[in-house]
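What follows is a set of notes on a single structure, which appears directly below.
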2 protein chains.
Amino acid sequence: MAKVNLHTVAAHAGVSTATVSKVVNGVRQGISAETVMRVQEAVRMLGYRPNRTARELRTLQRSIIGMTIVDPSPMFLADPFTTHVAAGLSNRLSEKGFGLLVHGVKPKQINDSFLVRETVVDAICLMLSGSAASRRSTIQLFADLGQPILVFQDKPSIEAADVCYVNQDDAGGADALARHVLRRNPASTLIVIPKIFWPAIEARLDAIWQCFKQAGRPARILRCDENNREAIAQAITDNIDRHGLPEAVMGSNDRIAAIALRLLTAQGVKVPEQVAVTGFNAFEPYSQDRVTLTSARSPAFELGQLGAELLLARLRAGAFERLEYTLPVSLVEGTSA
Amino acid sequence: MAKVNLHTVAAHAGVSTATVSKVVNGVRQGISAETVMRVQEAVRMLGYRPNRTARELRTLQRSIIGMTIVDPSPMFLADPFTTHVAAGLSNRLSEKGFGLLVHGVKPKQINDSFLVRETVVDAICLMLSGSAASRRSTIQLFADLGQPILVFQDKPSIEAADVCYVNQDDAGGADALARHVLRRNPASTLIVIPKIFWPAIEARLDAIWQCFKQAGRPARILRCDENNREAIAQAITDNIDRHGLPEAVMGSNDRIAAIALRLLTAQGVKVPEQVAVTGFNAFEPYSQDRVTLTSARSPAFELGQLGAELLLARLRAGAFERLEYTLPVSLVEGTSA
DNA sequence: CTGAAAGCGCTTACAG
DNA sequence: CTGAAAGCGCTTACAG
């Protein structure tokens with residue numbers, strides 16, 4: 001079947017392409033009801049679907065937002081935090097007829113990413129892992145593109161007018177958790193975090209660390225390979241064998257906390273009586289053997305929604321109203337700590 | 001800063017836009033090395049990034065694949081299976097300079113989806129929940145668009161030349177699990193599945209059901225609200241209270257199996273001695289209290305990769321080579337069953 | 001109320 | 001080896 005375009009419809013309805021364009025776009029101003037009907041009928045009969053590319057070129061906007069996730073693993077989209085953000089973004093963008101283009105890229109390949117090389121979206125969201133220096137240079141790279149950039153979960157490093165930072169209060173959440181744990185004056189605390197460097201995780205760690213320092217309570221840190229459940233369990237077991245049973249275990253996310261919780265109860269350790277356990281994220285309530293996990297609720301979906309709104313507003317207004325936003329993280333009190 | 005386009009670069013380098021276009025696209029045929037250099041220099045100096053929209057309009061291809069997920073929940077992107085497929089898709093597409101546009105849509109709103117209303121991508125992937133009839137009509141709707149359609153995890157219902165089905169062998173995997181469980185001749189078996197209707201889940205259920213029927217062994221089915229861990233645990237507990245402890249619990253995914261496993265061990269039930277437990281997906285090895293979960297490995301990431309390759313080939317060749325593909329699902333033998 | 005026409009930024013067959 | 005020109009499918013200010 002031949003391509004149906006504005007001309008086909010116009011010819012079929014016996015009007016100009018200008019008129020068809022207006023009808024299709026709902027511009028009823030100065031068009032007779034009868035003409036509208038005739039055009040709509042032609043559209044229906046021919047199964048006409050406007051070519052978005054042409055509209056985009058004409059109006060010079062794509063109505064597509066890019067989301068670049070910099071992660072060494074091709075499974076970038078499997079991380080719950082990331083997917084919650086993406087879901088929130090897509091959700092809000094869709095409502096406004098905008099699309100979300102997701103793009104995972106390995107740290108080495110950022111320069112060759114087609115989102116960098118070409119103008120393919122109206123604005124770009126960034127979700128970065130890696131050291132502060134590498135993140136900084138990545139943000140700089142994107143900032144230099146001359147497109148609006150929105151960075152999720154990162155400390156403002158580049159001060160550019162068109163770079164906006166959307167964070168959750170990881171430090172606040174971690175602080176609340178630490179205070180909660182410190183109420184029992186633990187003689188020893190084990191903090192378990194993933195090896196891969198994510199700024200949000202470091203922010204949580206810092207806050208806990210500060211809090212413990214101020215309270216004059218010791219804590220030790222264990223970094224483990226997050227991709228493997230077994231590896232996490234083994235690392236925790238080894239650490240306990242070497243340094244003894246801590247009085248609290250603080251995981252940097254619920255997954256790690258759940259593994260610790262399971263491991264401890266399997267060894268007959270009572271939670272929270274002997275050991276307090278906390279997690280982070282609380283994307284869904286977590287419980288095990290009647291103990292519910294004390295955690296902090298990450299508003300990741302809301303982060304995505306907010307990001308979408310800010311970007312849409314930026315595109316409309318020509319500038320971000322503010323360059324930094326922080327969403328609160330609330331303590332989820334379970335029975336595990 | 002003013003927009004930099006082909007003309008700007010051409011003027012700067014003192015050549016025609018045709019020449020700049022060729023250099024930028026790597027067409028070195030019939031262009032002197034010196035000209036190439038001069039153009040590249042101008043591109044660098046001006047920070048020129050080709051406008052993808054214009055190229056798309058000229059070549060009439062978008063180099064974007066759409067992924068529509070039909071799900072009543074806005075959290076559509078939070079499902080591990082879906083995200084694994086999306087990651088696989090995006091991974092392969094990126095390598096070829098293609099983008100992945102994700103779009104979650106509620107069942108009622110499919111007709112208003114901009115992927116349906118307008119031509120915005122080169123091809124569309126579908127991931128559908130809901131009844132067979134509703135899925136069928138959704139596929140029909142997309143098939144009528146005159147664009148290549150690739151359906152993940154659904155039984156071929158619409159026979160159209162441009163609709164391709166990519167599945168994993170859910171029935172095979174479920175069958176293997178059922179046989180495995182049946183080796184112990186369980187007097188009673190509880191099958192736990194989510195309330196929401198996903199074809200893959202039904203395929204698993206059917207296979208298990210058939211297998212048990214043939215073996216002359218009874219099984220009962222429990223449908224529960226999958227979004228809530230507590231609800232699942234409660235539903236299983238209630239079912240056991242009412243019908244007694246089964247000798248096997250087969251979850252339709254690992255998450256449900258893990259909840260059952262935890263719940264049983266918490267009640268002092270020995271797994272697998274008293275009750276065998278199985279899951280499905282095995283996106284990562286799951287273990288708890290030294291028992292490792294027996295499951296079936298879903299090649300979701302590979303499904304996405306294959307889908308990307310098929311779509312790319314389809315776009316190149318003008319037609320799908322085959323209209324149905326099934327990836328194997330392998331049994332993961334743990335100690336839980 | 002309607003239409004002719006310019007032009008968005010590219011690519012490409014063609015002529016030189 | 002290089003460039004002039006047509007045209008991809010739309011939108012919109014403008015004239016009638």
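Below, read A as the first sequence line, B as the second, and so on, with proteins coming before strands; counting in each chain starts at 1.
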Steps toward side chain to side chain contact (heavy atoms under 4.5 Å, CB included) verdict (A:V39, A:V36)
CA-CA 5 Å; A:V39 172; A:V36 171; over 6 Å; no
Can you see if the side chain of B:N5 gets near the phosphate of C:dC8 - specifically, an N or O under 4.0 Å from OP1 or OP2?
no
Round to the nearest Å and state the distance from B:L60 atom CG to C:dC10 atom P.
16 Å
D:dT2 P sits how many Å from B:K22 NZ, rounded?
9 Å
Could you work out which one of D:dG9, D:dA4, C:dC10 sits closest to the side chain of B:S16?
D:dA4
Figure out the CD/P separation between B:E56 and D:dC10, and round it to whole Å.
14 Å
Check this one for me: any side-chain N or O of B:T17 less than 4.0 Å away from OP1 or OP2 of D:dG3?
no
Expressed as a whole number of angstroms, how long is the span from A:Q29:CD to D:dT11:C1'?
16 Å
Using a 4.0 Å heavy-atom cut-off across all strands, classify B:S21 as base, sugar-phosphate, or nothing.
base
Which is it for A:R49 and B:E118 under the salt bridge (charged side-chain N to carboxylate O under 4.0 Å, His left out) test, yes or no, and what are the steps along the way?
CA-CA 5 Å; A:R49 292 198 306 155; B:E118 307 177 343; over 6 Å; no
Would you say the side-chain atoms of A:T119 and B:R52 include a donor-acceptor pair closer than 3.5 Å?
no
Ignoring hydrogens and angles, state whether a donor on the side chain of A:H103 or B:S94 is under 3.5 Å from an acceptor on the partner side chain.
yes
Using OP1 and OP2 only, check whether a side-chain N or O of B:T19 sits under 4.0 Å from D:dT2.
no
To the nearest Å, how far apart are B:R55 CZ and D:dC10 P?
20 Å
Over all strands shown, is B:L57 touching base, sugar-phosphate only, or nothing at heavy-atom distances under 4.0 angstrom?
base
By nearest-heavy-atom nucleotide on DNA chain D, the more 5' of B:E34 and B:A54 is B:E34
Should C:dG3 form a Watson-Crick or G-U wobble pair with both distances under 3.5 Å, which nucleotide is its partner?
D:dC14
Just wondering, do B:L323 and B:P156 contact through their side chains at under 4.5 Å, heavy atoms?
no
Does a side-chain N or O from B:T35 land closer than 4.0 Å to OP1 or OP2 of D:dC1, or not?
no
Between P on D:dA13 and CZ on A:R58, what's the gap in Å once rounded to a whole number?
8 Å
Between atom CG in A:N25 and atom P in D:dT12, what is the gap in whole Å?
7 Å
Phosphate OP1/OP2 of C:dC10: any B:T59 side-chain N/O under 4.0 Å
no
Whole angstrom value for the distance that separates P of C:dT12 from CG of B:L6:
12 Å
